[in-house]
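Written out below as structure tokens is the structure these notes cover.
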Amino acid sequence: MHPFDSQLALPGVAEATEPSRLPRIARGKLLPVATIAALLLAWWGAAHAGLVSPLFLPAPEAVFAKLVTVAGDGFVDATLGQHLAASLGRMLGAFALAVATGVPLGLAVGASPLVRGIVDPLIELYRPVPPLAYLPLMVIWFGIGELSKVLLIYLAVLAPVVIATAAGVRGVPRDRLNAARALGASRFQLGHAVILPNALPDILTGLRIGLGAGWSTLVAAELVAATRGVGFMIQSAAQFLVTDVVLLGIFVIAAVAFALDGLIRLAQRRLVPWQGKV
Amino acid sequence: MTDLRFDQVSVYYPGQDGPVLDRVSLALAPGELVAVIGASGCGKTTMLNLVAGFQAPASGRVMVDGRDVTGPGADRAVVFQDDALFPWLDTLGNATFAARMQGVRRVEREARARAVLAQVGLAGAEGRRIWELSGGMRQRLGLARALVADPAILLLDEPFAALDALTRETVQELLLTLWGKSGKTVMLVTHDIEEALFLATRVIVMAPRPGRIVDAIKADFGRRFLAGEATRALKSDPAFIRLREQVLAGVFARAAA
Ligand SMILES: Nc1ncnc2c1ncn2[C@@H]1O[C@H](COP(=O)(O)OP(=O)(O)OP(=O)(O)O)[C@@H](O)[C@H]1O
Ligand SMILES: [Mg+2]
């Protein structure tokens, strides 16, 4: 042991933060729960006071009951599980494709001014256009089937992944690169031993943004052209004014988005524990 | 044992009217520990960067063992002011980095790194993530990471500036001990005149605009520490105080001029 280790460990720090910690966690967890509970209560009250017709606002328990029937018997020829599987299948397929191509492309954009000069304008050109604006074009080119939808999500995920990865590559602190070079790293070794791990937090942030963008694009795409999927389910229900299924669909979409985001955040905590700490 | 020479070295940066270094010449004998002090912006880091091979001079030559420096290499390790550790690696991973780049086998490089970590007082911290280390521990890890590369020349850029006085003195003593054992050639940049005098065999004083060497003072307090004298006694030695005041007076006189 080093003689100064005991001082350096700063034994007071852990205790010092302890007292204020409990209330903060309680506040952080309780407040959102309370907000949602209040919203549910207001909804329940409004539905039961007879203020709004059930056609416009079905009661919460009616929506929950619908969840059970749609999960079991289905709606427009498919169970909730099948609709969800169709949506998630498109999403994850497009996401996997975007990661497999977007990360290497982003690395190349970050590392090479030549690639950057070619790819940057292309991405900057299509990125600001809302995907629904070019969905009709995709349908004309690739038909109304899976391909046009998967490509649409793919494009929505690709841009943030490429941009974030490239930024991560360019954002390596100069000292860190120089330190590695002075420790004998070759150009090739710099790439995988320094630049890649250094860009990992940015890559994961890009994936997180991409996942969110992809999911909202997908649901919108299914509203326009699909025969199965959560977006399609909502659209069909709306045509027959089955409001409880519409609400149910919205909740499912929100829950899936929340779960996907949670998965990525879990991956961030696992893979890049240093993010925000150094 | 490796020597180091600056021969009429000039450096210009775009956007600066004058040279940042103006025909600087300096020679470090093998095993010498030279401290470079001077006002902010006088080109100290630039000098280290030249030796490290991060940049090339506009004119003049920088030579290690008689050969021109052409780029970075593991024979010249750098310890940076803000430790520049790799956060995706734990303490042991940072310490083994140079050996991993050299292709040393895992068992062997970890044994080597553990030995050096023990030398700098980090035994037992091998598995810690670097944000779990204190500032002093991080600086010692930066030093360990450089030492595992077993460089002939050790380049230190204000490595202890961020430490509290107590910790800084411990790390200074550690550096002297390691230097005494290894006989490496060391070039240390610092703002702290006392630190320079205590550690160095020679203190180089620089002045800015253009960056140049204006004074060189020989000292032997580091060697006396290695011979067994106490740090506090050395730093309050009349000879130490006289030299310190002499250097300070020179620095202030030039600042006023
Ligand atoms: N990359 C650069 N481009 C342009 N000017 C630079 C660059 N790096 C350093 N300089 C300038 O060169 C001069 C010397 O810089 P250097 O970093 O060597 O100073 P220093 O003596 O290490 O200063 P400090 O004590 O503040 O670290 C400064 O005036 C600085 O502004
Ligand atoms: Mg500097």
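Quick note on labels: first sequence line is chain A, next is B, and so on, each numbered from 1.
- Taking 4.5 Å as the limit, some side-chain heavy atom of B/Gln139 sits within range of a side-chain heavy atom of B/Pro159.
- Using a 4.5 Å cut-off between heavy atoms, B/Ala149 contacts chain A through its side chain alone, with no backbone atom that close.
- No other option in A/Val272, A/Leu177, A/Asp175 has as many heavy-atom pairs under 4.5 Å with chain B as A/Asp175.
- For B/Arg61, the CZ atom is loosely surrounded, since the number of other residues' heavy atoms within 6.0 Å does not exceed 12.
- With a threshold of 4.5 angstrom between heavy atoms, A/Pro197 approaches chain B through its backbone and through its side chain.
- When heavy atoms are compared at a cutoff of 4.5 Å, B/Leu85 approaches chain A solely by way of its backbone atoms N, CA, C and O.
- Between chain A and the options B/Ala77, B/Ala52, B/Gly73, B/Gly71, heavy-atom pairs under 4.5 Å are most frequent for B/Gly73.
- Of the N and O atoms on the side chains of B/Thr231 and B/Glu169, not one donor lies less than 3.5 Å from an acceptor on the other residue.
- Proximity to chain B involves both the backbone and the side chain of A/Pro273, based on heavy atoms less than 4.5 angstrom apart.
- Between the side chain of B/Asp3 and the main chain of B/Leu28, no donor-acceptor pair closer than 3.5 Å is present.
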Worksheet item: Where do B/Thr190 and B/Glu195 land on the side chain to side chain donor-acceptor pair (under 3.5 Å) test, with the steps shown first?
Response: CA-CA 7 Å; B/Thr190 175; B/Glu195 174 169 285; 2.9 Å; yes
Item to complete: Decide side chain to side chain donor-acceptor pair (under 3.5 Å) for B/Asp157 and B/Gln81; before the verdict, give the C-alpha distance in whole Å, the side-chain angles of both, and the deciding distance to 0.1 Å.
Response: CA-CA 5 Å; B/Asp157 195 355; B/Gln81 172 164 9; over 6 Å; no
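- Heavy atoms closer than 4.5 Å to chain A are found in the side chain of B/Phe97, but not in its backbone.
- Looking at B/Arg129, the atoms closer than 4.5 Å to chain A (heavy atoms on both sides) all sit in the side chain, from C-beta outward.
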